[in-house]
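All heavy atoms count here, side chains included; hydrogens, waters and symmetry mates do not. Since this is a predicted model, take the numbers as computed values, not measurements.
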Amino acid sequence: MAQIETELQLLKSEAINMWTLVNSQLNKAREAFLTFDKDLAREVVLKEKRVNGSELKIDRDCENIFALFCPVAIDLRFLLAILKINSNLERIGDIAEGIAKYVIDAEAPFSKELLEVSRVLPMYEEAVAMLEDTQAAFEKEDTVLARGVFKRDDLLDAVNKSSNKVLEAHLKAHPEDTSQALWLISIIRRLERVGDQTKNVAEEIIFYLEAKVLKHSKKFA
Amino acid sequence: MAQIETELQLLKSEAINMWTLVNSQLNKAREAFLTFDKDLAREVVLKEKRVNGSELKIDRDCENIFALFCPVAIDLRFLLAILKINSNLERIGDIAEGIAKYVIDAEAPFSKELLEVSRVLPMYEEAVAMLEDTQAAFEKEDTVLARGVFKRDDLLDAVNKSSNKVLEAHLKAHPEDTSQALWLISIIRRLERVGDQTKNVAEEIIFYLEAKVLKHSKKFA
Amino acid sequence: MVTRSDLPLRVINSTPEAILKAKKRARRSFRQIRTENVFKRTLSIMGLVIIILVLGILLTLVVQSLPSIKALGLKYLWSKVWDPVQDIYGAWPFLLGTLLSSFLALIISIPFSIAVAIFLGEYHPKGWLPNFLKNTVELIAAVPSVIYGFWGLAVLVPIVRSFESSIGVEPVGVGIFSSSLILAVMIIPYAASLGRSMIHLVPSHLKEAAYGLGATRWEVIRSVVLPYTKSGLFAGILLSLGRALGETMAVTMVIGNTSLIPKSIFAPGNTMASVIANEFTEADKPVYLSALIELGLVLFLVTVVINLIGKKIIDRFTNE
Amino acid sequence: MQPSHVKYRLGKSYGFQILTYILAFACVVPLIAILFFIIKAGVTKINWHFLVNIPKPVGETGGGIANALVGSILIILVASVIAIPIGIMAGVYLSENRKSRLAYWCRLSTDILQGVPSIVIGIVAYFWLVKPFGKFSALSGSAALAIMMLPIVIRSTEETLKLLPDSLKEAALALGMPFHRVIFKVIIPVGVSGILSGVMLSIARITGETAPLLFTAFGNPYLSTKLTQPMQSLPLLIFNYATSPYNEWHDLAWGASLILLVWVLFLNIFTKIVTRKWKVQL
Amino acid sequence: MESTVIKSRNFNASFGSNHVVKNVNIDIPRNHVIAVMGPSGCGKTTYLRCINRMHELIPGASSSGEMKLNDEDVYQMHPIFVRLKIGMVFQRPNPFPNLSIYDNVIAGYKLNGIKLPKAERDRIVEHSLTRVALWNEVKDSLNKKGSFLSGGQQQRLCIARAVAMEPEVLLFDEPTSALDPISTSTVEELFHELKVNYTLIIVTHNMQQAARVSDKTAFFFMGELVEYDDTKIMFTNPKDNRTQNYITGRFS
Amino acid sequence: MESTVIKSRNFNASFGSNHVVKNVNIDIPRNHVIAVMGPSGCGKTTYLRCINRMHELIPGASSSGEMKLNDEDVYQMHPIFVRLKIGMVFQRPNPFPNLSIYDNVIAGYKLNGIKLPKAERDRIVEHSLTRVALWNEVKDSLNKKGSFLSGGQQQRLCIARAVAMEPEVLLFDEPTSALDPISTSTVEELFHELKVNYTLIIVTHNMQQAARVSDKTAFFFMGELVEYDDTKIMFTNPKDNRTQNYITGRFS
Ligand SMILES: Nc1ncnc2c1ncn2[C@@H]1O[C@H](COP(=O)(O)OP(=O)(O)OP(=O)(O)O)[C@@H](O)[C@H]1O
Ligand SMILES: Nc1ncnc2c1ncn2[C@@H]1O[C@H](COP(=O)(O)OP(=O)(O)OP(=O)(O)O)[C@@H](O)[C@H]1O
Ligand SMILES: [Mg+2]
Ligand SMILES: [Mg+2]
Ligand SMILES: O=P([O-])([O-])[O-]
C-alpha cells in the first residue's frame, strides 16, 4: 500500500474520532440543557479543548500530507473535504460549548411551556440525528445517505423561521420569560447553524466522492 | 517568474476582490439597517450570489493549484490560508445577507432607544473596521496589523455579553419592543460572529506569513 | 508538382512573393528526394562490392588449388615430406611449424598483454605514464613486420644462438623459437589494447558495488573485472593467434626455412605463410604452385574462422 | 573478522599490483631495443645521396633508395585512391543499415577481409592482375594494398558513425533534411576525426606491408614511375637486401628500415595527435 | 482560434508484430500545450514519433489509420514536408556538435542547402533565439560551439533550431528528463510562451511536469489512449480508474 | 532509542583544489530515513561518499574534519571495515552480471573471502531477500542471473546485497533516478520497512521523493549544509530562504 494511503486512512480515522467527540459534546450539551445538569455542562466546556486540539491536529496533518505527498484527484478532494469538515465540526463543537455555557450561567431551567412552543427539543434531536447520519455517510462513503441529510434540514429551518413569531407571542403572555426567550433564540439560531454546518459537511462528502460541487447550487437553481 | 507565482498572484487578487465585495455587502447592510432602506437591502441579498460565486471560484482555483503545482512551504500555507479565509468571508457575506433580509422583512425601523442601549451600532462599525484592517493586513502582508485585530474584538465581545441583560432590562420597560429585541439579539449574535470570523482570518494571515498557529492558543494559554 | 498543400500554412495566405519563394523551396525539396534515392542505391552497391571481393578471393583460392586437391587429395595435409624436386608435396611440416610458433608466441605474450590491459584499464587509466605505456604498446603494432624480421635476424638470432649453446641445444639461432619470440612481441598489442578497452567497459558502478562491500583492489579485479571481461580477453587472445598464424615476413626471415619436420622448438622450420613467400615465385610446376595456393587456402580458412569467432565474442560482449 | 585477515588480503592486493606493473613495463623493452638498433645502424647511412640515388650493383658501395621511396609513395597513393572512397561509402552503408541482410553479409565480409593474411591477398592479386597481363606491375601491388586498406577504413568509418548518437541523425531528419545531406552535412563532418584516423592508420599499415607486394609489384632495381611495370618499394627493398649476403646491401636495408620506421611511427603518432585535436565533443 | 491541428482516427502503430499503439483517436487544438503521459512502454514515444513520421525510420516499424495535420493526411505527404511542418525536440539536448550556436539555429536552412541572404539569416537567428529566451544569454558568443552551453541552454538551443523552421507543431519527447531541476524549470517556462505561436505536444514521465505545463493531458496505458481531457480535470477528477490510480501513485 | 549514528563536525571535502563540501555539521539519528537534497553539483554525492570513504577512491580527492560512526572516527578505521558497516546502493541497479541472484546476495561474503556453511548462507540469502520484499518474487529462480529482473527488482537485489552484510547505515545515491515510476514506488515502499533495522541516508534530486520517504531532510547548497530538520518542517516551514526558494521551485 502506498504510504499516502496509510496516511489518508489515519486521517480519516482521526476525523471520525473528532466527529464522535463532537457528536457526544452536542448530545451532552442537550442532556445538560434538558436536565439542567451543570456538572455535565461543565464537562462539555472542558472537553471543548479536546475538540480544538483535534481540529488543530487534523489541520496540521492535512498540511503535512499536502506538503509531503502532493495529492491529486480523489486524494486531493478528500483532503480538501476533510479541511472543511474539520472546521465545520469544530464550529459545531463551539456551539455545543455555547449551549453548555448557557446552562452553567442560567439561574433556572427553561420553562416547559417555552420549550414546548419553541419546538427546540425536536429541533435539537433532528440536528444530532443529521450529524450522525453524515458521520455514517462519511464512514461508509455513502453519498445516498449524505444526500438524505439535505431534506432533514427543512425541519430546522422551519423551527428557526417560526421562532421569532412564536416567542414573541409567548412573551406577550409570559413577559417574565423574557430573559429565557432571549437565550432560547440564540440557541435556536445556533442549532440552525448546526444544521447548516452539517449540510456543508454532507456537501463536502459528496464533493470528495463524486467530484460534484453542490454548495450554493440550490441557491443558483 | 515561475507559473505558480503567477497563479498565486491571481488567486490573491481574487481573494482581495471578494474581500472588497464582502466588505461592501456588510457596509450596505448596515446602511440599509440604519436608514431602513429596503431597496438597498434587496441589493445586498441579490449580490450575495456574487459572493457565493466568488467563494466557489476561489475554492476551485485552490483545488487546481493544489493538483497542478504541488505547493509547499509558504505557497502551501498561503493556499490553506486562502481556503479558510474564503469560507470565513463567505460566512460574513451570509451574515450581511441575513441582516439585509431582516430589513426587508421588518415592518418598522428599530426604535432609537433600543439601538442606543444595545450599542449595536458601534459594534457594527467596529466589525466593519476589523474586516477592513485584516484586508489591509492581507494585502500588505503585515502581521502587525493583523495582530491588532485581536484586541478590537473585545468591544464586540463586550456588547454581545451584555446584550441579553440590557435587552431584558429594556423589554421590562418596553414590552412592545419584544419582536424587535428578538431580531436584534440575532443581529448582535451575528455581528459577534463577524468579529470571530475576522479574527480567524487574521490568524490565517499570521499562519501563512509566519507559520505560527494562533488558533485556539489563547484558550490554551 | 508543387501543390498548395506542400506549402507552410502561414505562407498560403500571404504575399505572392512569399508563395513563389515557398514554391521554389518545395521544388528544391523534390529534387532532394530524387538525389536521396540515388545516394541510397550507391551506398548499397558499395556494400555489395565488398561481398563480391571476398567471394572472389575465396573462389580464386579454391579454383587455383583445384589441381593440387585433385592430384594430392586430403592426405596432402598430413604427408610429412615436401620435396618439389621429386614432386612430393606434404603440408605437415608447415602446419606443425605454424602451430608450434604461434602457440608458443601466444603463451609467451599472454601474461604481458594481460598485465598491460589491467594496468591501463584498472590501475592507471589516466596520467602521463600510462599514456606513455599505452602509446608504446600501440606503436609495437605499428612497426612493419619486415623490420621485426630484419631486427630479429641481426639482433635476436645471435642472442638466441648463444642462449641455445648455453643450454646445450644445437646453436642455429634461426628457428621456431626465435620466430616465436618475435611473434610474441608483435602480438602483445592486440590482446593488450582489446583487453584494456574491455576493462574500460566494466561499468564503474559494478566496481564501486564491490568496494562498497569492503573488497580490496585485487579482489575487485579478480571477482568483478576479470569475470566480466573474460570473454573479451579470450577474444583478444584469439585475435592475437589469428595474427600470429598469418604473419609472414618476420617469420620468413628468422625461421630458417627448411621443409623438414621441426625436431624441437629450437629447430629451424617453415610456416605456411613463409613457405608461400619463399617458394611462390619459384614454383614452376602447376601442381607445385597449386599446392602452395592450397596452403594459402588453408591459412585463409583457419584465420577466417579464428577471426570470426573472436569478432563474434567481442560483438556479444560489447552489445551486452 | 580479524585485522590480520584484512592485512593478508591487502598484502595480496599489493603484491599483485606490483607484479602487474613489472610485466606491463617489460613490454616497453622490445620497442626501445628495436628503435635503438635501427637508429644506431641506420642513422649513419642516411644522407642526401642516399635519398636521391638508386642502389648500386653488388660490390659497389654507396647508392641509395630513391626508387623504393618513389615506388612506395606511388603505390600507396594509387591504393588510397581506390580504397578510401569505397571504404567510406561502405562504412556509411553499414552504419546506416544495421539490420539489413546485405549489411550483415557485408559486415561479415569486412571481418573476413580484416583477418585474411597479407600473403593470401598477394596470391589473389597475382591471379587477378599479374597473371592475366603476364607481368608484375605496380598497379597490381596497389590493388593488393587497397584490399588491405578497405577493412580498416570501413570499420573505422562504421564504428565512428555508430558512436555518434542516433539523436544527431534524428535531429537532422526532424528538420526535414534529405538522407544524403544528413550524411554529408552532419554525420560525416561530426565523425570526421574517427574516419580520418582510420584512413591514416590504414595508410600506415600498408606502408610496411611486404607480403602482398612479393608477387605483384615485385620490386625493381631501377627507378620506375610506370604503374604497369614492376616497381620497387621500401619494405620489398628491406626484405630483399636484408636477406642478401652482402654487407653493402645490409647497409642500404638499415637505412631504408630507419626511414620506413620513422615514417610509420610518424604517421601513427600524427594520427593520434590530429584526431585528439579534432576530437569533437558529442 | 480553437481549430484542430492534429487529428488522428483509429491510429495504430507496431514494431513488427508488436502492436504498441492501439486505435488512438485524438484532436489536438491549435496553440495549446498537450502533455502525453503514461507508464513506461505504453507507447507514448511511438505515438509521438508517428505524428511527424519519424517512427517509420525504424526498420520493421509500421502504422495505420488517419493522422491529419490541418485536415491533410500526413501519410499522403512526403516525410520531408511533414517534418518541416512538425518540428521535434528530443530527450537529450542534441545540438550539432560541429556547428556554432548561430549555425545550429539555422541548421535547418543551411544543411538543407537553402541559401538565405545574411540579413535574413541574422533575423531568423535572433528571432528564434529570442523566442526561446536564449538571445540575451548567447548573443555575444554566437560563434562558439553549442556544446559549451549548460544542459538547459542546449535544450533551448535545440528548440530554437526547430522554431527557426517555423513549424506549426512542436513535438517534445521527455524534453527535460536529462536536465537538472533548474534547467528543467527554464525549459518549462518556455512552453507557455511558445504556445502563443505553436502547438506543443510533450511526452513526459513526470506527472508534476504534465500538471504544470499543459493545457490538456492524454493518458496512455498499454498502447491505448485511456483518457484525454483538460489537465485541470485530469488531475482533480479523472474519469477513468486507470488514470486515477496512475496519477495518485497507486500502481496495482 | 534516539541515539546518533553518524555525526560529522566541520567536515570538508575537495577534489584537488575544488572545495565541494564545506564545514558540514550533522547528527543522524538511528533508525531514521534521512533525505539529502539540493541543486546539481552542490556536493550531495560527494558528502555521501565521504561517509563510507568511497570518496577517497577518486584520485585527487581529499577530506578533513570529523566523521563519526557510533562515536568512533570513521577516518581512523580501515576503509574496509567502514564499508562493511556502512553499506551503499547506487544510482543504477548494479547486480554483478556474472553472478546468480543467490550469489549476488552473498557477494559481500564471497568477495571478502569469508567462508560460511551452506545453511548459514541460505539463511542470509532468504533473510536479506525477505527484508527487501523480494523473496517471494525470486525464490524459485535464485540460480538465474540477476540481469533478468526488472529495474526495480534489480535495485532491491542490490539493497539485499548491502543488507546481507548487516551494516548499520545504508547510503543511497539517487536510488531511483534510473527507474520508472512503478519500480520507483516499489523501492520507496521498502525504505519504511528498512528503517526498522537500519539508518538510511538517501541522496535524491526528486523533492517529492524526499518528502514521501524521509523523516529528516538535509538541504545542501553550494557545498554547505543550509538546513537540516524534520521533513515535515522542511516542507511546510523551512527556515532558510534558499531552502524555501528551492523547494517552491523559485530558482533565482
Ligand atoms: N525500436 C523498437 N523496436 C521494437 N520494439 C520497440 C522499439 N521501441 C519501442 N518498442 C516497444 O514498443 C513499446 C512502446 O514503446 P515506447 O517507446 O513508445 O514507450 P514509451 O511509452 O515511450 O515508454 P518510455 O516511457 O519508457 O519512454 C514498448 O513496449 C517497447 O517494447
Ligand atoms: N570525480 C570528480 N572530479 C572532480 N570534481 C568532481 C568530481 N565529481 C564531482 N566533482 C565536482 O564536485 C562538485 C560536487 O559534485 P557532487 O557529485 O557531489 O554533486 P551532487 O550534489 O551529487 O550533484 P548531482 O545532483 O548532479 O549528482 C561538482 O561541482 C563537481 O564539479
Ligand atoms: Mg518514451
Ligand atoms: Mg550526485
Ligand atoms: O460561525 P458560523 O460557522 O456559524 O458562521
Side-chain angles (χ1 to χ4, degrees), chain C residues 32-33 35-36 39-40 42-44 46-51 53-54 57 60-61 64 111-112 115-116 118-119 123 133 135-137 139-140 142-147 149-151 153 155 185 188 216-219 242 246 248-249 253 273 276-277 280-281 293 296 299-300 303-304 307-308 311, chain D residues 9-10 12-13 16-17 20-21 23-28 30-31 34 37-38 86 89-90 92-94 96 102-103 105-106 109-120 123-124 127-128 147 150 154 178-180 204 208 210-211 214-215 235 238-239 242-243 253 257 260-261 264-265 268:
Chain C
Q32 305 268 12
I33 292 162
T35 322
E36 184 181 89
F39 179 71
K40 278 184 179 161
T42 316
L43 284 187
S44 318
M46 289 306 154
L48 203 59
V49 164
I50 307 298
I51 299 174
L53 194 62
V54 169
I57 291 174
T60 309
L61 288 175
Q64 298 298 336
F112 294 96
V116 171
I118 291 178
F119 181 87
Y123 283 115
L133 181 66
N135 290 327
T136 311
V137 170
L139 288 183
I140 291 178
V143 174
S145 63
V146 64
I147 289 182
F150 192 15
W151 178 78
L153 206 52
V155 180
V185 173
I188 282 176
T216 64
R217 194 139 200 185
W218 159 235
E219 283 159 355
T248 317
M249 300 318 291
M253 291 166 85
I276 299 173
F280 188 84
T281 45
I293 293 165
L299 194 56
F300 175 80
T303 49
V304 161
N307 275 299
L308 287 186
K311 283 266 158 57
Chain D
R9 288 164 55 203
L10 284 173
K12 209 159 103 181
S13 180
F16 183 78
Q17 190 166 358
T20 309
Y21 284 23
L23 287 177
F25 280 92
C27 296
V28 180
L31 187 74
I34 290 172
F37 262 94
I38 305 269
I86 300 181
M89 289 220 264
V92 170
Y93 175 76
L94 287 184
E96 289 305 318
L102 182 65
W105 289 108
C106 180
S109 304
T110 313
D111 287 345
I112 292 175
L113 214 49
Q114 194 159 29
V116 178
S118 52
I119 188 85
V120 173
I123 297 176
V124 172
F127 284 110
W128 287 355
I147 295 177
L150 271 179
I154 295 175
F179 183 70
H180 60 283
T210 322
L214 285 175
F215 333 128
I238 295 169
F239 176 61
T243 49
S257 293
L260 181 61
L261 190 62
V264 168
L265 293 191
N268 271 279

Just so I understand: if I count every heavy-atom pair under 4.5 Å between each of [options] and chain D, which residue has the most?
options                               : answer
C:Ala142, C:Gly296, C:Ala273          : C:Ala142
C:Val185, C:Ile51, C:Thr136, C:Leu139 : C:Ile51
C:Val137, C:Val143, C:Leu153          : C:Val143
C:Val116, C:Ile147, C:Leu48, C:Ile188 : C:Ile147

Chain D contact via [X] - which portion, at a heavy-atom distance below 4.5 Å:
X        : answer
C:Tyr123 : side chain
C:Leu53  : both
C:Ile276 : both
C:Gln64  : side chain
C:Thr35  : both
C:Leu308 : side chain

Chain C heavy atoms under 4.5 Å from [X]: which part of the residue, side chain, backbone, both or neither?
X        : value
D:Ala204 : neither
D:Val264 : side chain
D:Ile154 : side chain
D:Ala253 : both

Looking at every non-hydrogen atom in both residues, tell me the closest pair between [X] and [Y] and how far apart they are.
X        : Y        : answer
C:Met253 : D:Ala242 : CE-CB, 3.8 Å
D:Ala24  : C:Leu133 : O-CD1, 3.6 Å
C:Lys311 : D:Gln114 : NZ-OE1, 3.1 Å
D:Leu23  : C:Pro111 : CD1-O, 3.9 Å

Between [Y] and [X], is there a side-chain heavy-atom distance shorter than 4.5 Å?
X        : Y        : result
C:Asn307 : D:Val116 : no
D:Val120 : C:Thr303 : no
C:Trp218 : D:Gln17  : no
C:Met46  : D:Tyr93  : no
D:Phe16  : C:Ile118 : yes
D:Leu214 : C:Thr281 : no

- Assess whether atom CH2 of D:Trp128 is packed by more than 12 heavy atoms of other residues, nucleotides or ligands within 6.0 Å.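 More than 12 within 6.0 Å, yes.
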
- Query: In terms of the angle between their ring planes, are C:Phe39 and D:Phe179 parallel, tilted or perpendicular, with boundaries placed at 30° and 60°?
  - Reply: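 Rings of C:Phe39 and D:Phe179: tilted, as their planes differ by 30° to 60°.
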
I need the [X] [atom1] to [Y] [atom2] distance, nearest 0.5 Å.
X        : Y        : atom1 : atom2 : value
C:Met249 : D:Ile119 : CE    : CD1   : 7.0 Å
D:Ile38  : C:Phe150 : CD1   : CZ    : 7.0 Å
D:Asn268 : C:Asn135 : CG    : CG    : 10.0 Å

What residue in [options] has the most heavy-atom pairs under 4.5 Å with chain C?
options                              : answer
D:Pro30, D:Ser257, D:Ser13, D:Gly208 : D:Ser13
D:Thr110, D:Leu102, D:Thr243         : D:Leu102
D:Leu150, D:Val92, D:Ile34           : D:Ile34

- Item | Partner set under side chain to side chain donor-acceptor pair (under 3.5 Å) for C:Thr216, not counting sequence neighbours |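 In terms of side chain to side chain donor-acceptor pair (under 3.5 Å), with neighbours along the sequence ignored, C:Thr216 is linked to C:Glu219.
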
- side-chain contact (heavy atoms from CB on, under 4.5 Å), paired with D:Ile123, selected from C:Thr60, C:Ile57, C:Leu299, C:Leu61: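 One option only clears the test, and that one is C:Leu61.
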
- Among all residues two or more places apart in sequence or in another chain, which pass the side-chain contact (heavy atoms from CB on, under 4.5 Å) test with C:Val54?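 C:Val54 satisfies side-chain contact (heavy atoms from CB on, under 4.5 Å) with D:Ser109, D:Ile112, D:Leu113 once adjacent residues are dropped.
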
